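Starting from 1, each residue takes its place in the sequence as its number. What you see is a predicted model; the values in this text were computed from it and never measured.
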Amino acid sequence: MTKHRNSYFLSILFLMAFTNAGANVKLPVLFQNNMVLQRDKPCNIWGTADNNEAVTISFNNATYNATAINGKWKITLPAQTAGGPYQIIIKGKNTIELNNVLFGDVWICGGQSNMQFSVKEANPKPDTSTFNNNQIRLFTVGIGTDFVPQDTIKGGTWKVANAKDVNGFTAVGFFFGSYLQQHLNIPIGLISDNLGATAIEEWMSNEAVHQFPQFYNFYNTYLAPHKSMQQMNDDFEKMKSSWNKKYYLKDDPGLTQQWYKPETDVSNWKTMNQPSHWEDNELKDYDGSVWFRKSYDSFPKDFFGNANINLGQVDDYHICWVNGVKVGEAYGNMNMTAFKIPDSIIKPKNNIVAVRVFDAGGKGGMYNMFWSPYWAGKWRYKKGVKIDASKFKRPLVSNAYIFGTPAILYNANIAPLTQLSIKGFIWYQGEANTGRAEEYKQLLPAMITDWRKHFGQGDLPFLIVQLPNLGKEPEQPENSEWAELREAQASTLALPNTGLAVTIDIGETDNLHPHNKLAVGNRLAMTALNMVYDIDSIEVSARYKSMQVVHDSIIITFDNNIVCKNKYGYIHGFAIAGSDSVFHWARAYVKNDNTVVVYNRHISSPVAVRYLWSSQPDEVDLYNKKGLPVAPFRTDDFKLMTAYKKFNYTE
């Protein structure tokens, strides 16, 4: 009897375990307490569950149903007016409650470091008591990377705006949202989805970059296979052992003679500065392995207090030893790698670091130690095994640089949001693309169009921060990559429902990250109130409309009323060119509400005008009556500095 009872209970436990093994209903990271859902639009809520599992959502005294197909489900709530808080209950085999949910306007705050720049760093800022606002909700996306679109973001938490949490949030985003909330009196949800030092192509989808030939090599190698980074790594691990034997580790004297051992005689080894590519030194057209060695008395510590070695980017593969002990290996010339060094192998002095660097074609070496200058300097080196790169089998490995690889940030951080109903986007990016400003004129509109397509909500508003002033004003008018990037940003106004916040007067001469993000956020919000919310009393910056040559002057007409803030009526920043296409500083004055006369007494037959066409103008004098600066412009179509400069990828 006891035996049968035990068997019965074991069977029950097994059945319980089997039942619990089924997948509970799960929501993407984005769906949490305190979130804001978009008002006045149907709103999708989606997630995963067991195949064919029934899922219900209870909301506002109504129930909505779905069935999971292939493990995925989606329910669309009908459009709601602004308000709340609400509770949303999702049920399957388990129950999830979303509490304190508001309906309002949701804006995604994208870009690079000037969008990432936090409220606590901003100056000036309003009274911090204004940061405590239950009607503003903040979400910072945990940044990830991938080669294929992901279903959910890496992490993040919805927070009710308060003085503590606002301080770490995007300053431009928060000041933008705060301005809107105060003027519209509706809930505002802000999703901070940005990363410093990133180029626009990283935020473009696979399909978007595939439109441009300069991305073909990269696309065909890493995006066309439609494999995630994890899939690539898993596939590589399956063939790694045979590949090592046949190709990577074959016939290397450094391995057979164990050059990684501390006692190795290196007296006849040469020296080479690292970081660098060895083709730029003594090893011209050399493919294969090169061994590097260097002695250190101590090692830097990581965030957790562990000794580590970080050689930045290594082309193409490398293995690292410390005091004869292998501490790590890595594959891929774009990956940034760091290896932890066990305390047990570290000596008080004279620790020997040995690195086997292997190049399978193109350039080779430890070429980027940007994050760890500690490792830079002279290294001893010796050639290992030379290969014929044309006969070497290069495996497909996950290979990406978070500050330069196309599509990887879109896939992990924007794609997971595309089912979400939103109001629009604000965008502060371009600094990383100034060297390719002419290309940016194509990439930014392509990205905007593509994002709108993937979100599937029509021409969603897209508001851009035009780059501010930076650097030193030139003695004579000259070409400027910074000015060309501003023009590329302005050209996107040809797309419907796009807006531009001009910031040419609130930058800082020697600071890539100017502190006055309050004005930036406010100007974006003013643009939104004018363009998105149709509040006509709020104006945007006046823009160039047309020009007319009259004798020795050019008359510029703007699309808005303008005023000169210089008390003498003198306007800085205008340059004028004659038939030789050489620009000279010009005199200028306001003729009436929307025209300026520009001239130079040495130029009798002018042909073109430029205004604020430099990285850093001396002064800004022209504004509209709302205190917004007139946007920089040029009337010519002369060839630019960045013409034909495009993204380039080589293995």
Side-chain angles (χ1 to χ4, degrees), residues 30-32 34-45 76-86 101-111 115 133-141 153 156 158-161 169-170 172-194 203 413-428 447-465 492 495-501 520-535 538 540:
L30 190 66
F31 291 100
Q32 300 176 12
N34 305 319
M35 75 179 301
V36 177
L37 291 173
Q38 180 60 42
R39 64 169 175 150
D40 301 333
K41 285 184 179 182
C43 286
N44 296 323
I45 297 179
T76 303
L77 300 182
Q80 306 291 319
T81 58
Y86 293 98
V101 175
L102 301 178
F103 280 81
D105 282 353
V106 179
W107 289 85
I108 293 176
C109 312
M115 182 63 84
N133 190 334
N134 180 58
Q135 296 297 294
I136 300 177
R137 307 294 174 82
L138 315 173
F139 187 94
T140 301
V141 172
I153 52 178
W158 278 102
K159 298 178 180 179
V160 177
F169 197 71
T170 160
V172 170
F174 177 74
F175 293 138
F176 165 80
S178 182
Y179 193 102
L180 288 185
Q181 203 284 317
Q182 292 171 34
H183 284 76
L184 300 173
N185 196 29
I186 61 167
I188 298 292
L190 300 168
I191 300 175
S192 178
D193 199 350
N194 44 74
W203 297 99
N413 309 292
I414 299 297
L417 308 182
T418 53
Q419 295 187 71
L420 185 71
S421 294
I422 64 170
K423 188 65 175 181
F425 310 94
I426 60 173
W427 178 255
Y428 194 158
M447 188 195 79
I448 294 171
T449 301
D450 186 70
W451 281 20
R452 288 170 169 174
K453 181 187 75 172
H454 284 288
F455 276 81
Q457 297 166 55
D459 290 332
L460 286 167
F462 199 101
L463 310 181
I464 301 160
V465 179
T492 60
L495 293 178
N497 229 13
T498 53
L500 193 71
V520 179
N522 288 351
R523 289 179 185 182
L524 276 172
M526 292 171 74
T527 305
L529 290 175
N530 175 270
M531 187 189 88
V532 181
Y533 298 99
D534 198 27
I535 298 178
I538 304 297
V540 294

Heavy-atom donor-acceptor pair, Q80 side chain to C43 backbone, under 3.5 Å: no

Whether F176 and W107 hold their rings parallel, tilted or perpendicular, with breakpoints at 30° and 60°: perpendicular

Value rounded to 0.5 Å, distance of NE2 in H454 from CD1 in I414: 11.0 Å

Rounded distance (nearest 0.5 Å) linking atom CD1 of I188 with atom CG of N133: 9.5 Å

Closest heavy-atom pair and its distance - A82, I186: CB-CG2, 4.0 Å

Nearest atoms (heavy-atom pairs only) where N522 meets Y179: OD1-CD1, 3.2 Å

Side chain N530, main chain V540, donor-acceptor under 3.5 Å: no

Exercise: identify the closest heavy-atom pair between F174 and A161: CE1-CB, 4.3 Å

Sidechain-backbone polar pair: R137 side chain, N34 backbone, donor-acceptor under 3.5 Å: yes

Flag side-chain contact, heavy atom, 4.5 Å: L420 against I108: no

Any donor-acceptor pair under 3.5 Å from T498 side chain to F462 backbone: no

pair L184-I535: side-chain heavy atoms closer than 4.5 Å: yes

N/O donor-acceptor pair under 3.5 Å between R452 side chain and L460 backbone: yes

Between CG on residue L77 and CZ on residue F103, distance to nearest 0.5 Å: 6.0 Å

Donor-acceptor under 3.5 Å (D459 side chain, N497 main chain): no

M531 CE to L524 CG distance, which is reported to the nearest 0.5 Å: 10.5 Å

Residue pair I426 / V465, side-chain heavy-atom distance below 4.5 Å: no

Contacts of Q38 that satisfy side chain to side chain donor-acceptor pair (under 3.5 Å) - sequence neighbours left out: D105

Gap separating the CG atom of L500 from the CZ atom of R523, nearest 0.5 angstrom: 11.5 Å

Side-chain touch I448/I464, heavy atoms, less than 4.5 angstrom: yes

Test item: W158 side-chain N/O and L30 main-chain N/O as donor-acceptor pair under 3.5 Å: yes

Listed partners of K159 passing salt bridge (charged side-chain N to carboxylate O under 4.0 Å, His left out), at least two apart: D165

Stepwise side chain to side chain contact (heavy atoms under 4.5 Å, CB included) check, L37 with Y86: CA-CA 10 Å; L37 291 173; Y86 293 98; over 6 Å; no

Interatomic spacing from OG in S178 to NE2 in H183 - rounded to 0.5 Å: 10.0 Å

Flag, side chain of S192 to backbone of C109, donor-acceptor distance under 3.5 Å: no

Minimum heavy-atom distance between V172 and Y428, given as atom pair plus value: CG2-CD1, 4.0 Å

Q181 versus I136, closest heavy-atom pair with distance: CG-CG1, 3.9 Å

Validation row: F139, I153 side chains within 4.5 angstrom (heavy atoms): yes

Minimum heavy-atom distance P42-S421, with the two atoms named: O-OG, 2.6 Å

Close side-chain approach of L138 to T140, heavy-atom, < 4.5 Å: no

Centroid-centroid distance, F455 to F425, less than 6.0 Å: yes

